[in-house]
Amino acid sequence: MRAWAVETPAPITSGPLRRVERDVPSPGPGELLVRVLACGVCRTDLHVAEGDLPVHLPGVTPGHEIVGEVVESGPGTLRSAGDRVGVAWLRGTCGACRFCRRGAENLCPQSVYTGWDAHGGYAEFALAVDAYAYPIPDELDDVRAAPLLCAGIIGYRALRRAAPPPGGRLGIWGFGGSAHLAAQIALAEGIEVHVFTRSPAARELALDLGATWAGDSLDTGPAPLDSAVIFAPAGTLVPAALERLDRGGTLAIAGIHLTDVPSLNYQRHLFQERQVRSVTANTRADGEEFLTLAARLNVSVTTRTYPLDEADRALADLAADRFTGAAVLQSRPERLA
Ligand SMILES: [Zn+2]
Ligand SMILES: [Zn+2]
């Protein structure tokens, strides 16, 4: 099968992704072999390719927003050939540690991830772990469902971590794949949304989706915020967002990687019970909740599709902010012999 592999992590402009030919894997106990119908391109893939995240599996195939069709089920699985499943970032947890036992499996120290610890979806086929795969609601087609599996779920968790009060005002920094989905959930909940981004196209998309205001990353904005989420991987935005929070406001940082945060001033940035929170992956409950909500609210997903063979270009375009919304890879149907 055709697949992409990260041979040696390096800046995306130097081409760290290589096309490789691999055998189609066989599912072990609890695993499913899926034909990849669509795979979203996430910023975390860029961190894997560029080495911002340490290498966990040499030659890993990135991709953790997989919509796939089960072609073979390993022993002890509940799904069978023909089922459509979503394969996301969280691939497995121990189920026994104190975090798993208290419903915080996203914090499990033994957790493993798709497209980092195991090969992901930048390929024609991938192995999924049955217990961590999601059913995809019928209302969502393959391309539309793919970005929901990480961008969507993580954005949703970030929104919950930012905890905007009913009728409150939410600021969003960076308006790509994740943010444009989280914003729609917030808007559906009656939250007022303000978007801070340097991209004029993203500002336009934000206003089209119903944001009250959209401006540049360092603009003051029209009013103090109750909550904020930083989706851009830039630590310099942390003091900027904190300064725009009202008393008691909460800032959630959604990314897995952030450049250094400049020094904070207690009075200006934190006093009056402002809080900073990070977001670490998600639980399966977050995923199930979000996918159900996304189908019910009919969220609009702005996508840009690329053929599987152009995964390197898709990642480079993501790095250079050359599109709005989310990129999705599609492998052409396998040619039958
Ligand atoms: Zn655990
Ligand atoms: Zn992701």
Side-chain angles (χ1 to χ4, degrees), residues 38 40-43 65 67 137 139-160 162 164 166-234 237 240-241 244 252 254-255 290-306 314 317-330:
V41 174
C42 171
R43 190 168 288 278
E65 297 179 319
V67 177
E139 296 93 321
L140 301 167
D141 66 39
D142 303 335
V143 169
R144 203 165 143 229
L148 302 182
L149 290 164
C150 180
I153 296 173
I154 299 292
Y156 179 68
R157 185 167 180 95
L159 178 64
R160 297 278 80 98
R169 210 175 280 130
L170 170 75
I172 292 179
W173 271 262
F175 203 75
S178 207
H180 90 289
L181 298 169
Q184 292 177 65
I185 303 288
L187 288 162
E189 290 174 349
I191 308 290
E192 188 177 308
V193 174
H194 296 198
V195 171
F196 300 77
T197 169
R198 61 187 178 190
S199 153
R203 290 202 285 264
E204 202 172 305
L205 174 62
L207 294 172
D208 283 350
L209 290 172
T212 300
W213 177 90
D216 197 63
S217 328
L218 297 176
D219 278 357
T220 310
L225 306 165
D226 299 300
S227 294
V229 181
I230 293 180
F231 285 101
L237 294 175
R244 284 153 186 78
F290 171 73
L291 290 170
T292 308
L293 212 50
R296 195 184 300 154
L297 296 172
N298 194 23
V299 295
S300 120
V301 189
T302 304
T303 53
R304 161 101 169 247
T305 55
Y306 293 79
D317 286 354
L318 173 68
D321 284 331
R322 277 193 283 263
F323 56 82
T324 52
V328 178
L329 304 177
Q330 278 188 297

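One distance of note links CG of Asp208 with OG1 of Thr302; it measures 9.0 Å at 0.5 Å rounding. Distance check, rounded to the nearest 0.5 Å: CG of Leu187 to CG of Leu297 gives 10.5 Å. Remark: Asp142 CG to Thr305 OG1 distance equals 12.0 Å, nearest 0.5 Å. To the nearest 0.5 Å, the span separating CG on Asp226 from CD on Glu192 amounts to 9.0 Å. Between the CD atom of Glu139 and the CG atom of Leu291 there is a distance of 11.0 Å, given to the nearest 0.5 Å. Interatomic distance, CG of Asn298 versus CG of Leu140, reported as 8.0 Å (0.5 Å rounding).
Thr212 places none of its side-chain heavy atoms less than 4.5 Å from the side chain of Arg169. Two residues are said to be in side-chain contact when any heavy atoms from C-beta on lie closer than 4.5 Å; Phe323 and Val41 fail this criterion. Side chains of Val328 and Pro147 form a contact here, defined as non-hydrogen atoms less than 4.5 Å apart.
Nearest heavy-atom pair across Cys150 and Cys42 is SG-SG, 3.9 Å. Across all their heavy atoms, Ser217 and Trp173 have their closest contact at O-NE1, 2.9 Å. Considering all non-hydrogen atoms of both residues, Ala254 and Val229 come closest at CB-CG1, 4.0 Å. Nearest heavy atoms, Leu181 versus Val299: CD2-CG2, 4.4 Å. The two residues Ser178 and Ile154 make their nearest non-hydrogen contact at OG-C, 4.3 Å. Counting all heavy atoms, side chain and backbone alike, Leu159 lies closest to Pro164 at O-CD, 3.3 Å.
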**Message:** Using side-chain contact (heavy atoms from CB on, under 4.5 Å), reason through Leu218 and Phe196 one step at a time and then give a plain yes or no.
**Reply:** CA-CA 7 Å; Leu218 297 176; Phe196 300 77; over 6 Å; no
**Request:** Verify side-chain contact (heavy atoms from CB on, under 4.5 Å) between His180 and Leu205, making sure each step is shown before the conclusion.
**Result:** CA-CA 8 Å; His180 90 289; Leu205 174 62; 4.2 Å; yes
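Proximity of a side-chain donor or acceptor of Gln184 to a complementary backbone N or O of Ser300 within less than 3.5 Å is detected. No donor-acceptor distance shorter than 3.5 angstrom exists from the side chain of Arg43 to the backbone of Ala232, with no hydrogens or angles considered.
Residues meeting the salt bridge (charged side-chain N to carboxylate O under 4.0 Å, His left out) test with Asp216, sequence neighbours left out: Arg203.
Applying the 6.0 Å contact sphere to CZ of Arg198 captures no more than 12 heavy atoms from other residues, nucleotides or ligands. Arg322 CZ: more than 12 foreign heavy atoms inside a 6.0 Å radius.
Between Phe290 and Tyr156, the ring planes lie tilted relative to each other; the angle falls in the 30° to 60° range.
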